[in-house]
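This report refers to the structure that appears directly beneath it.
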Amino acid sequence: MTARPYVLLSAAMSVDGYLDDTSPERLLLSNAEDFDRVDQVRAESDAILIGANTMRRDNPRLLVNSDERRAQRVADGKPAYPLKVTVTRTGDLTADLKFWHHGGDKLVFTVDSAVEKVRTTLAGLADVVSVGHNLDWGLVLDELGRRGVGRLMVEGGGTIHTQLMAQNLADEVHLAVAPLLVGQADAPKFLGAADYPGGSTSRMRLLEARAIGDVVLLRYAPKERG
């Protein structure tokens, strides 16, 4: 049986747990030093995944920005850029998003009812795979494992982070906590309400805590709960 990838959830959030505010512009939570750290984590990953909502809202390119890190990947026998992955139940994607036009290979996971819609919309910009009637994260990870993805970096959004944590599929969490307070009820949060493994008293193991300028990086092992 092919091994599933090691799943790393990566997010920057405010002290009160928000990924963004409700303004049209993206809220920059990290600082330059932490953005560079994220670039290193991307370079160490075989694939990077974001949800369709995050793609539509932020329109990211989702690249390894450092020339040196891309060159090191190539020297190690890897593509210059990790595989870029998204998931969509509705198929509501557009071909003009930056995600499709920068970097290397792209992969879309969707469901049977939307697969032809996505293939028509993207017209060869990405490989499109259906995982059945419903979006099954186990099947997504199985397929990524079959494609040689050993390390998957998940950059959001909150719905995906919540689902992977609730299904106990995240191996590691990186949280960059910024000294900001958002306080807007309609703003996206890192995690939503869910039936998390072990309940509210189950403590994850802390792997690291360090200051990066005015941001604090927290690394946790979600599957190691006591």
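Everything quoted here is computed from the prediction, not taken from an experiment.
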Notebook entry, point to check: What about V118 and M55, same hydrophobic cluster or not, with Ile/Leu/Val/Met/Phe/Trp/Tyr joined at side-chain heavy-atom distances under 4.5 Å?
Noted result: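 Yes, V118 and M55 fall within the same hydrophobic cluster.
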
Next item on the list: Kindly work out whether a path of hydrophobic side-chain contacts (I/L/V/M/F/W/Y, heavy atoms less than 4.5 Å apart) joins V87 to I48.
Entry: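 Shared cluster, no.
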
Next item on the list: Would you mind listing every side-chain hydrogen bond (donor to acceptor under 3.5 Å, both in side chains) that reaches into residues 149-160, with sequence neighbours excluded?
Entry: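 Passing the test, one end in residues 149-160: R42-E155.
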
Check: Got a sec, which pairs hit side-chain hydrogen bond (donor to acceptor under 3.5 Å, both in side chains) with one end in residues 63-78, sequence neighbours left out?
Finding: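 Of all non-adjacent pairs touching residues 63-78, those that pass side-chain hydrogen bond (donor to acceptor under 3.5 Å, both in side chains) are D36-R69, D39-R69, Q40-R69, S66-E68, D67-R70, R70-Y81, Q72-D76.
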
Check: Taking the hydrophobic residues Ile, Leu, Val, Met, Phe, Trp and Tyr, and joining any pair whose side-chain heavy atoms are under 4.5 Å apart, which ones share a cluster with L217?
Finding: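 Members alongside L217: I212.
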
For [X], which residues count as a side-chain hydrogen bond (donor to acceptor under 3.5 Å, both in side chains) partner, sequence neighbours excluded?
| X | value |
| --- | --- |
| D171 | K223 |
| D92 | T90, K117 |
| S202 | none |
| N59 | none |

Report all side-chain donor-acceptor pairs from residues 177-187 shorter than 3.5 Å, counting only partners two or more places apart or in another chain.
| residue | atom | partner | partner atom | Å |
| --- | --- | --- | --- | --- |
| Q184 | OE1 | T22 | N | 2.8 |
| Q184 | OE1 | T22 | OG1 | 2.9 |

Nearest heavy-atom neighbours spanning [X] and [Y]:
| X | Y | answer |
| --- | --- | --- |
| L93 | W100 | CD1-CZ2, 3.9 Å |
| V149 | P5 | O-CB, 3.2 Å |
| L206 | A209 | CD2-CB, 4.4 Å |
| H102 | K84 | O-NZ, 2.9 Å |

Next item on the list: Would you please test K106 and D127 for salt bridge (charged side-chain N to carboxylate O under 4.0 Å, His left out) and show each step?
Entry: CA-CA 6 Å; K106 293 90 180 176; D127 191 5; over 6 Å; no

Note to self: Strictly by salt bridge (Lys or Arg N to Asp or Glu O under 4.0 Å), give each pair with a member in residues 45-54 just once, sequence neighbours left out.
What the structure shows: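 Of all non-adjacent pairs touching residues 45-54, none passes salt bridge (Lys or Arg N to Asp or Glu O under 4.0 Å).
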
Margin query: Can you list everything that forms a salt bridge (charged side-chain N to carboxylate O under 4.0 Å, His left out) with D21? Sequence neighbours excluded, please.
Written below: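 Testing D21 for salt bridge (charged side-chain N to carboxylate O under 4.0 Å, His left out), a comparison that skips the adjacent residues, returns none.
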
Between side-chain atoms of residues 132-141 and protein atoms elsewhere (two or more places apart, or another chain), which donor-acceptor pairs fall under 3.5 Å?
| residue | atom | partner | partner atom | Å |
| --- | --- | --- | --- | --- |
| D136 | OD1 | G138 | N | 2.8 |
| D136 | OD1 | L139 | N | 3.1 |
| W137 | NE1 | Q163 | OE1 | 2.7 |

Notebook entry, point to check: Sub-3.5 Å donor-acceptor pair from the side chain of H101 to the main-chain atoms of R61, do we have one?
Noted result: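 Here the side-chain-to-backbone pair does not exist.
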
Notebook entry, point to check: Do T162 side-chain atoms and G192 backbone N/O form a donor-acceptor pair below 3.5 Å?
Noted result: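 Looks like yes, one N/O pair under 3.5 Å.
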
Checklist line | Salt-bridge present (E33, R37; N to O < 4.0 Å) | finding: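 Looking at E33 and R37, the cut-off is not met.
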
Next item on the list: Before accepting this row, confirm whether a basic side-chain N of the pair R147/D105 lies closer than 4.0 Å to the acidic partner's carboxylate O.
Entry: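 No.
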
Note to self: Please evaluate residues E143 and V131 with respect to the criterion side chain to side chain contact (heavy atoms under 4.5 Å, CB included), reporting the C-alpha separation (whole Å), side-chain torsions for both, the decisive distance (0.1 Å), and the verdict.
What the structure shows: CA-CA 9 Å; E143 179 61 22; V131 289; 5.7 Å; no

Please table the atom pairs, donor to acceptor, closer than 3.5 Å between any side-chain atom in residues 109-116 and protein atoms at least two apart or in another chain.
| residue | atom | partner | partner atom | Å |
| --- | --- | --- | --- | --- |
| T110 | OG1 | T88 | O | 2.7 |
| D112 | OD1 | S130 | OG | 2.5 |
| E116 | OE2 | R119 | NH1 | 3.3 |

Next item on the list: Could you please spell out the steps behind the side chain to side chain contact (heavy atoms under 4.5 Å, CB included) verdict for I50 and F99?
Entry: CA-CA 10 Å; I50 61 169; F99 183 93; 4.1 Å; yes

